[in-house]
There are 2 protein chains.
Amino acid sequence: MDITLASHRGEIPSTVQVVRKPTMRDVADVAGVSLKTVSRVVNMEPGVDDHTAARVEGAIARLAYRRNEVARNLRKGISLALIGLVIEDLANPFYATVARTIEDVARRHGYAVVMASSGEDPEREREVTTGLLQRGVQGLLIVPAGSDHRYLYADRAMRTKAVFLDRPPALVEADSVVLDNIVGARRGVEHLIAHGHRRIAFVGDPPMVQTSVERAEGYRQALKGAGLPVDEALVRLGTPRVDLAEASTRQLLALQDPPTAIFAQNNRNSVGALRAIRALDARVAFVGFDDFELADMLPVPATVVGHDPAEMARAAAELLFGRLAGDQRPPQRIVIPTKLIARGSGEIVPPSPRGVDFSRRLRR
Amino acid sequence: MDITLASHRGEIPSTVQVVRKPTMRDVADVAGVSLKTVSRVVNMEPGVDDHTAARVEGAIARLAYRRNEVARNLRKGISLALIGLVIEDLANPFYATVARTIEDVARRHGYAVVMASSGEDPEREREVTTGLLQRGVQGLLIVPAGSDHRYLYADRAMRTKAVFLDRPPALVEADSVVLDNIVGARRGVEHLIAHGHRRIAFVGDPPMVQTSVERAEGYRQALKGAGLPVDEALVRLGTPRVDLAEASTRQLLALQDPPTAIFAQNNRNSVGALRAIRALDARVAFVGFDDFELADMLPVPATVVGHDPAEMARAAAELLFGRLAGDQRPPQRIVIPTKLIARGSGEIVPPSPRGVDFSRRLRR
DNA sequence: TTGAAAGCGGTACCAA
DNA sequence: TTGGTACCGCTTTCAA
């Protein structure tokens, strides 16, 4: 049932099976009508004889013809109206919310969103971003993994507007919407200090991740501000996955002189840390950056440094669409505030080695 | 600093500010070079005099020229390599996992994924799907909300391959990958019956949703199989959101003759039901369809009818790419099995009004 | 009712 | 090093 597509433009007809996708021209040839007639049938324009239309439809079916939307859009002057979203991991609830919100804003602006996961790998970030650019996205929302985004502007041909989300751009000037990481982390750790903790561990992502660095900085600021030493044995950077965070936390809790409180740097680390605490039935305080579903339903409800991922995503998306609409202001940097949500786990007081009962004191 | 773009093709130059996007032709005119030279500069082809290149780049900057990727792709014969994913709500962890897995498979096949949320609204499903088709996606993965998908095949011009996910297509023949809903729900309810429950409530989505109907059917089968009556007062269909599911469950628990066990139809309903149970401190058994993060960390770990969303997504995506590669088999229907995961909440026995201690009996 | 030809905005080949 | 011209696959205009 193979139909060999004739080569056009006066070439000698190929005897080799042509793998080229059938075009409207091919359909026209097979149906024995003109190109325009096929176009009419395909687009359901009125004024085509039923009999003719049937012949054309037969040809379409036989060739399994599909209209080339690229050519169509070019001719109609239609832009693809696509924006790209480069994200670390869609399955992370934080990013899922971000993605959903962006999709929402985009749809209201008549745009669709192409997603690409970087998997926290700079190489792959670059790869997928390039892929998005080749597909002609009008703008880009990026949660960067890389440490050099000059490649975005290397090609003068595609001066794509980009807004960076959650983390700032590296080595380029661009819009960004980020969380107030240092202050948020500092407040979270200060909260633990206020409840009597002196040995507070930090469980976080690798130091290549900017948010990790900033939150660790907030952690250090809090300790220093209270005149407490920073024990590097209690700082674990490099646990981007739940299972690794759990392992890290287990190690921390097994130390000779274990921490009495844990600060986890994001929702993934939080879940891991909480699993370790639960598994070891350890009586340690806990505060995590990022809120997460069911945090309030745990046996000891989790105290978190909360924020609104949707607000962040909305701000970034609106910024991008502003740029697409011609906004010429210098690069903006929007900082989204955080808010400590005390639920119980952060209010656990440390055991008192010197017989001082902090818990009684704090309960008033 | 506005530069009026001359109208070409012999038209009288417009005095009105032209809003048309600048083309390579415009850049060439401004720079005083040929079209081809601009193309060389834009694509960084070697062999352009530095001085000439500088002039071209100046013109590009002044006009804020951007290469038209649609035209480029047409000429280069490049397909957009896009597939569309129509999903209910990206923020639902179940769909987030699905989306992420699909993105993964697509990337391995060299494709990118355009996402669109239907928000469980048939009208919007149709709208966003049409949008995806206009953007030239090669294939479609759909978690359908609508009850009539003939619109997908109304236009002979775009015979897009579609694979339906989680729910079957309506009124059209197409591939689908679904969960074993009836059996899964039946097993979950049977599990509750085996632990002595006779009044089991069902908390589920509206009956327009196919999965809801099937899971309710499994629920009924289980009851009937055990010779138990189906009390329609205990069946709540229509709670697609966490807060609504919580309200529904509160009502159920406030009944004169309340249920001793709750079966929730998906992860959203589960979270809502568990919130209600927790808030009322009710001692009822619970089993939910869909596993969810932290289910095992709750005060009473949640028993669920689990399954692998990633497996489902992978199967659907591979099916689609098979079709894109020319797979001509008749429409497939793949059913993904479920598995009961007992964690505690489903093993709670009902209070025994007649003094029969089920708990002792069941504990052996 | 049907068709011929121009052109959407680029790229490719070949000539200058 | 630079430019002319055909052409990617479709829609549009106008004529037959």
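In the text below, chain A, chain B and the rest are named by the order of the sequence lines, each starting its count at 1.
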Notebook entry, point to check: Between C/dT2 and A/Thr52, is there an OP1 or OP2 to side-chain N/O distance shorter than 4.0 Å?
Noted result: yes
Notebook entry, point to check: If you check the B/Arg67 side chain, which of C/dG3, D/dC10, C/dT11 turns out closest?
Noted result: C/dT11
Margin query: Using a 4.0 Å heavy-atom cut-off, does A/Val33 contact any base of the nucleic acid, only the sugar-phosphate backbone, or nothing at all?
Written below: sugar-phosphate
Note to self: For D/dC10 and A/Tyr65 - does any side-chain N or O of the residue sit under 4.0 Å from the phosphate oxygens OP1/OP2?
What the structure shows: yes
Notebook entry, point to check: To the nearest Å, how far apart are A/Leu74 CG and C/dG7 C1'?
Noted result: 9 Å
Check: Quick one: does B/Val33's side chain get under 4.5 Å of B/Val56's, heavy atoms only?
Finding: yes
Margin query: Base, sugar-phosphate or nothing for B/Gly47? Non-hydrogen atoms, less than 4.0 Å.
Written below: base
Check: Between C/dG3 and A/Ser34, is there an OP1 or OP2 to side-chain N/O distance shorter than 4.0 Å?
Finding: yes
Check: Got a donor-acceptor pair under 3.5 Å from the side chain of B/Arg40 to the base of D/dT1?
Finding: no
Next item on the list: Whole angstrom is fine here: how far is it from NE2 in A/His51 over to P in C/dT2?
Entry: 11 Å
Check: Rounded to whole angstrom units, what separation is found between the NZ atom of A/Lys21 and the P atom of D/dC8?
Finding: 15 Å
Next item on the list: Answer with yes or no whether the side chains of B/Tyr153 and B/Glu173 bring together a donor and an acceptor at under 3.5 Å.
Entry: no
Notebook entry, point to check: For the side chain of A/Arg75 and the base of C/dG7, is some donor closer than 3.5 Å to an acceptor across the two?
Noted result: yes
Item checked: Rounded distance (Å) that lies between atom P of D/dC8 and atom CG of A/Asn73 -> 19 Å
Next item on the list: Side chain of B/Ser39 only, please: which of C/dT11, D/dG3, D/dC10 is the nearest?
Entry: C/dT11
Check: Whole-Å distance between C/dG9 P and B/Arg25 CZ?
Finding: 12 Å
Margin query: From the set D/dT12, C/dT11, D/dT2, return the single nucleotide nearest to any side-chain atom of B/Arg72.
Written below: C/dT11
Item checked: Earlier contact from the 5' end, DNA chain D, for A/Ala71 and A/Glu45 -> A/Ala71
Notebook entry, point to check: A/Lys76 near the nucleic acid: base, sugar-phosphate alone, or nothing, with a heavy-atom cut-off under 4.0 Å?
Noted result: sugar-phosphate
Item checked: Distance test, side-chain N/O of B/Asn43 to OP1/OP2 of C/dT11, below 4.0 Å -> yes
Next item on the list: Report yes if some heavy atom in the side chain of B/Glu318 is under 4.5 Å from a heavy atom in the side chain of B/Val105; otherwise report no.
Entry: yes
Next item on the list: Measure the distance from CG on A/Leu35 to C1' on C/dG7 and round it to the nearest whole Å.
Entry: 13 Å
Note to self: On the nucleotide C/dT2, are OP1 or OP2 found under 4.0 Å from the side-chain N or O atoms that A/Thr37 carries?
What the structure shows: no
Margin query: Rounded to whole Å, how long is the line connecting atom CD1 of B/Ile78 with atom P of C/dG9?
Written below: 19 Å
Next item on the list: Whole angstrom is fine here: how far is it from NZ in A/Lys36 over to C1' in D/dT11?
Entry: 6 Å
Note to self: If we ignore hydrogens and angles and just use 3.5 Å, is the side chain of A/Arg314 paired with the main-chain N or O of A/Thr101 as donor and acceptor?
What the structure shows: no
Note to self: Could you measure the distance from the NE2 atom of A/His149 to the OG1 atom of A/Thr129? Nearest 0.5 Å is fine.
What the structure shows: 7.5 Å
Check: Does atom CD of A/Glu45 have more than 12 heavy-atom neighbours, drawn from other residues, nucleotides or ligands, at distances under 6.0 Å?
Finding: yes
